Amino acid sequence: MTDTQAVTAAARVPEGWPTTEAAALAVQDELRALLVLDREGPPPGEGRVTGVDVAYDDARGVVAAAAVTLDAATLAVTGRAVAVGPVAFPYVPGLLAFREVPAVLAALEALPGPPGLVVCDGYGLAHPRRFGLACHVGVLTGLPTVGVAKNPFVLAADPPGPRRGDHAPLRLGEEEVGRALRTRAGVKPVFVSAGHLVSLDNACAHTLALTPRYRLPETTRHADALCRRALKEALAGRPATTTD
DNA sequence: GCGACAG
DNA sequence: ATCTTGTCGC
């Protein structure tokens with residue numbers, strides 16, 4: 001219907017972006033102080049929700065990010081944008097954000113309208129240092145964010161019940177920093193945590209509102225399909241690692 | 001000391 | 001994340 005053509009932007013690694021693990025850890029410590037966790041966040045089913053995801057070609061050092069905005073009530077696509085650029089950091093468990101954030105921000109900025117709540121593909125607070133990708137994106141954009149990961153990370157969770165909506169806590173000490181949430185009956189759960197300006201309860205409510213049919217949120221599904229297509233198209237222009 | 005480890 | 005065929009099911 002009103003599905004816009006995806007706007008394509010060029011992403012680049014910002015000046016002063018961390019190049020070592022030690023520098024990245026220091027940035028996490030610095031940004032973590034800016035997290036806002038005492039807000040309920042926007043209610044599910046209203047306004048807009050934007051999913052972000054990235055695809056890589058590590059051999060060529062290229063990353064493509066996609067941001068897809070949906071009407072929260074109907075889940076219809078209202079805006080799409082992609083950003084292609086250089087990979088900003090190697091993959092290090094716990095430092096994923098340094099790899100994806102530059103391209104993700106470029107895609108979000110290229111959207112035709114306000115993103116609303118941002119759903120990230122990965123963890124938020126349920127992170128060894130309580131500052132996963134969703135927190136990072138939230139602090140840098142000022143937008144409410146949640147993290148929905150497909151696989152368990154460093155925090156173990158008991159298996160949730162078998163029905164849609166059943167969940168089990170992800171604990172960091174005594175604190176519940178995330179949940180293994182069953183979005184489809186009898187199907188492997190997803191791992192939800194708050195990123196910025198959202199409560200864990202609300203993050204789970206949004207996740208359920210976005211999964212009327214599949215295990216993963218509609219936002220993530222759309223963004224995943226778009227960034228893969230964008231990466232392919234961006235690579236089609238250049239055959240391979242040429243002699244430059 | 002040796003693995004495991006979001007994407 | 002990515003490399004990969006066929007196959008079972010709606």
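Just so it is clear: chains get the letters A, B, ... in the order the sequence lines come, proteins before strands, and each one is counted from 1. Computed over heavy atoms, backbone and side chain alike; hydrogens, waters and symmetry mates excluded. Values in this document were obtained by computation on a predicted structure and should not be read as measured data.
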Looking at [Y] and [X], is any side-chain nitrogen of the basic one under 4.0 Å from a carboxylate oxygen of the acidic one?
X	Y	value
A:R213	A:E218	no
A:R99	A:D58	yes
A:D201	A:R179	yes
A:E233	A:R229	yes
A:D121	A:K150	yes
A:D57	A:R60	yes

Look at all strands and tell whether [X] reaches a base, only sugar-phosphate, or nothing, counting heavy atoms closer than 4.0 Å.
X	value
A:Y123	base
A:P128	nothing
A:A55	sugar-phosphate
A:G147	nothing

Point to revise | A:R228 side chain, from C-beta outward: closest of B:dC5, B:dG7, C:dA1 | key: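 Looking only at heavy atoms from C-beta outward on A:R228, the closest nucleotide is C:dA1.
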Study note, to complete from the structure: Secondary structure of DNA chain B per the Watson-Crick/G-U criterion (both distances under 3.5 Å; [ ] crossing, | other strand, . unpaired) is .......
Review point. Do the non-hydrogen side-chain atoms of A:T50 and A:L70 ever get within less than 4.5 Å of each other?
Key: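 Of all side-chain heavy-atom pairs linking A:L70 with A:T50, none is under 4.5 Å.
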Review point. Does the ring of A:Y91 meet both stacking tests against the six-membered base ring of B:dG7: centre distance under 5.5 Å and plane angle under 30°?
Key: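 Given the distance and angle limits, yes, they stack.
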**Study point:** Base of B:dA6 and ring of A:F153 stacked, centres under 5.5 Å, planes under 30°
**Key:**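 Stacking is present between B:dA6 and A:F153, given that their ring centres fall under 5.5 Å apart and the planes under 30°.
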Exercise for review: Output yes when a side-chain donor or acceptor of A:H196 lies under 3.5 Å from a complementary backbone atom of A:V36, and no otherwise.
Suggested key: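 Present.
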OP1 or OP2 of [N] sitting under 4.0 Å from any side-chain N/O of [X]?
X	N	value
A:R213	C:dC10	no
A:Y56	B:dG7	no
A:N151	B:dG7	yes
A:K150	B:dG7	yes

Measure the distance from [atom1] on [X] to [atom2] on [N] and round it to the nearest whole Å.
X	N	atom1	atom2	result
A:F191	B:dA6	CZ	P	11 Å
A:E21	B:dC5	CD	P	17 Å
A:D58	B:dG7	CG	C1'	10 Å
A:L133	B:dG7	CG	C1'	9 Å
A:L95	B:dA4	CG	C1'	15 Å
A:R60	C:dA1	CZ	C1'	15 Å
A:D224	B:dG7	CG	C1'	11 Å
A:L216	B:dG7	CG	P	9 Å

